[in-house]
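Here the structure comes first, spelled out in structure tokens, and everything after it is commentary.
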Amino acid sequence: MEGLHTPDEWGSLEGKQVLVRVDFNCPVAEVNGRLEVTDDFRIRSTVPLFRALQAKGASVVAATHFGRPKGQVVEEYSVAPLQRRLDELCPGVELLENLRFSPGEESNDPSFGASLVKGVDYFVNEAFSASHRAHASIMIPPSLVPSAAGPTLRREVETLQRLLSAPERPFVAIVGGAKVKDKLGIVKVLVEKADTVIVGGGMAYTFAAAQGRSIGTSLFDPSRVEECAELLATGRVVIPSDALTLPSDSPFGAGGDLAPTPVEGDVPDGFQGLDIGARSAELFRDIIAGAGTILWNGPMGVFEDERLRAGTEAVARAVAASSAVSVVGGGDSVAALQLFGLQDEVSFVSTGGGASLEFLEFGDLPGLRALREGRGGAQ
Ligand code: AMP
């Protein structure tokens, strides 16, 4: 990655202190009266870096955000459970208290950023998923001490870069999820880069409305209809032609047991579309099967609800079955892959949903810029 230094460039780190910005924002749950990490993937993937730094003689300090304590000390967001798990996986690494306990973190306060590197000789950013945010722990250390990009951050950036610069064709992108306004930017980039962009999930109904279809009470953003119409006019956007629906007042997600009604074409008044239908699932499967490169971000329906899961499962299985280079990003698509036990069947699982979309959209991230513009080399 051009302009990004690596910790390997530093010689001996004997007697040196290295601060590593990580993203240990792991799920936790109460076990025997105290919070414990329930999925330690984010911690485990950082261990090789910690070990490599320790092997060079460094004492390693890590820093993470954890939940949204909003600039205040909130006991439930203490990093204690993370530190306990870290101690088991890689002893000898000190984890600083939650960065977001200080209001200076999110406001990118230079003095808070400087306080993090007091006594620190080197900085490593190993938090790709936080690098789209111009927060103090991401932005300030690189301007003060020699800094480098960690290995998982680099791998993430390289994978996404390759996707944009030299994808195996056809390049099929699948975008889903609830909010069309959050994802239109990336759909606009993808219609330029990809051969086909499949749009599913709640966001597809604004596209359907732009085609003049009735959508009942499905998710709809009237302010985006025109942009959706322009994207459809490229001829490269494919949207579902059928849906699984429930009456508008029928509960879904948690609770609710009414069987969904499949509809072709328009969603009738008094109903809402909550998953793609069988015909669309088959079409999407065929398109995905022919792909040379696949990018998937966002579910096709309310997959948390067993009744509304089939569309997302069909896409997940098609992506997993493909021999194409496949990149899956976004918390929900990754959760769906895990739900179906398919996380090892894709080429790359991107840890940073928001960060990967921003990288694909803008080709860079504030945190990467800070590393490039900061002090890279040896002391
Ligand atoms: P996002 O955060 O925008 O990626 O959206 C993810 C959420 O979208 C998931 O929790 C899904 O349950 C939800 N979702 C997907 N399809 C629909 C739909 N047709 N209607 C309402 N919610 C949906």
Side-chain angles (χ1 to χ4, degrees), residues 25 27 68 129 132 173-188 190 197-210 213-224 228 238-256 258 260-268 270-281 284 295-316 319 327-340 349-358 360-361:
N25 198 11
R68 295 181 186 277
S129 49
H132 59 312
I174 310 131
V175 184
K179 290 189 211 87
V180 72
K181 77 167 171 23
D182 291 352
K183 304 252 171 104
L184 269 189
I186 188 65
V187 175
K188 279 183 197 161
L190 290 171
V197 182
I198 294 172
V199 175
M203 62 182 285
Y205 293 98
T206 302
F207 283 83
R213 283 160 52 184
S214 300
I215 56 168
T217 56
S218 308
L219 286 180
F220 177 52
D221 185 343
S223 68
R224 306 289 157 156
C228 291
V238 177
I239 65 169
S241 59
D242 59 349
L244 286 187
T245 67
L246 282 175
S248 306
D249 57 0
S250 184
F252 61 90
L258 190 67
T261 309
V263 301
E264 289 280 338
D266 288 358
V267 176
F271 282 80
Q272 56 186 331
L274 295 167
D275 192 7
I276 59 172
R279 187 192 290 268
S280 304
F284 293 179
L295 172 71
W296 178 30
N297 186 300
M300 298 291 101
V302 183
F303 75 102
E304 300 92 337
D305 185 322
E306 226 175 314
R307 301 168 296 164
L308 305 163
R309 185 173 290 171
T312 302
E313 179 163 3
V315 163
V319 173
V327 177
V328 180
D332 281 310
S333 334
V334 177
L337 271 186
Q338 285 170 339
L339 186 68
F340 309 125
V349 174
S350 175
T351 55
S356 44
L357 288 184
E358 259 195 63
L360 290 170
E361 190 169 345

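Both ligands and their constituent atoms are indexed starting at 1 by order of listing. All residue numbers refer to positions in the sequence shown, counting from 1.
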Nearest neighbour in protein (non-hydrogen) for [atom]:
atom: atom 23 (C) of ligand 1; value: V302 CG2, 3.5 Å
atom: atom 17 (C) of ligand 1; value: G202 N, 3.3 Å
atom: atom 20 (N) of ligand 1; value: L274 CD2, 3.6 Å

Show the atoms of ligand 1 that are less than 4.0 angstrom away from any heavy atom in [X].
X: K179; answer: 3 (O)
X: Y205; answer: 19 (N)
X: G201; answer: 16 (N), 19 (N)

Treating [X] as the side-chain partner and [Y] as the backbone partner, does any N or O pair qualify as donor plus acceptor under 3.5 Å?
X: S333; Y: G329; value: yes
X: S280; Y: P240; value: no
X: T206; Y: D221; value: yes
X: D242; Y: R279; value: yes

Do L357 and K183 make a side-chain contact, defined as non-hydrogen atoms from C-beta onward lying under 4.5 Å apart? yes
Considering [options], which one's heavy-atom position lies nearest to [atom]?
atom: atom 19 (N) of ligand 1; options: G311, G273, A204; value: G273
atom: atom 11 (C) of ligand 1; options: K183, E304, R309; value: E304
atom: atom 15 (C) of ligand 1; options: P299, A178, G301; value: G301

I need the contact type for L219 against ligand 1. Using non-hydrogen atoms and a strict under-4.0 Å cut-off, is it side chain, backbone, both or neither? side chain
Taking everything shown except E264 itself, do over 12 heavy atoms lie less than 6.0 Å from its CD?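 Counting other residues, nucleotides and ligands, CD of E264 exceeds 12 neighbours.
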Between F252 and ligand 1, does any nitrogen or oxygen pair lie at a separation below 3.5 Å?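 No: no nitrogen or oxygen of F252 is under 3.5 Å from one in ligand 1.
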Is there a heavy atom of D332 sitting under 4.0 angstrom from any atom of ligand 1?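 Judged by the 4.0 Å heavy-atom criterion, D332 does count as contacting ligand 1.
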side-chain contact (heavy atoms from CB on, under 4.5 Å) for Q272 and V267? Distances and angles first, verdict last. CA-CA 7 Å; Q272 56 186 331; V267 176; 5.6 Å; no
Could you go through W296 and V175, starting from their C-alpha distance and side-chain angles, then the distance that decides it, and tell me whether this counts as side-chain contact (heavy atoms from CB on, under 4.5 Å)? CA-CA 6 Å; W296 178 30; V175 184; over 6 Å; no
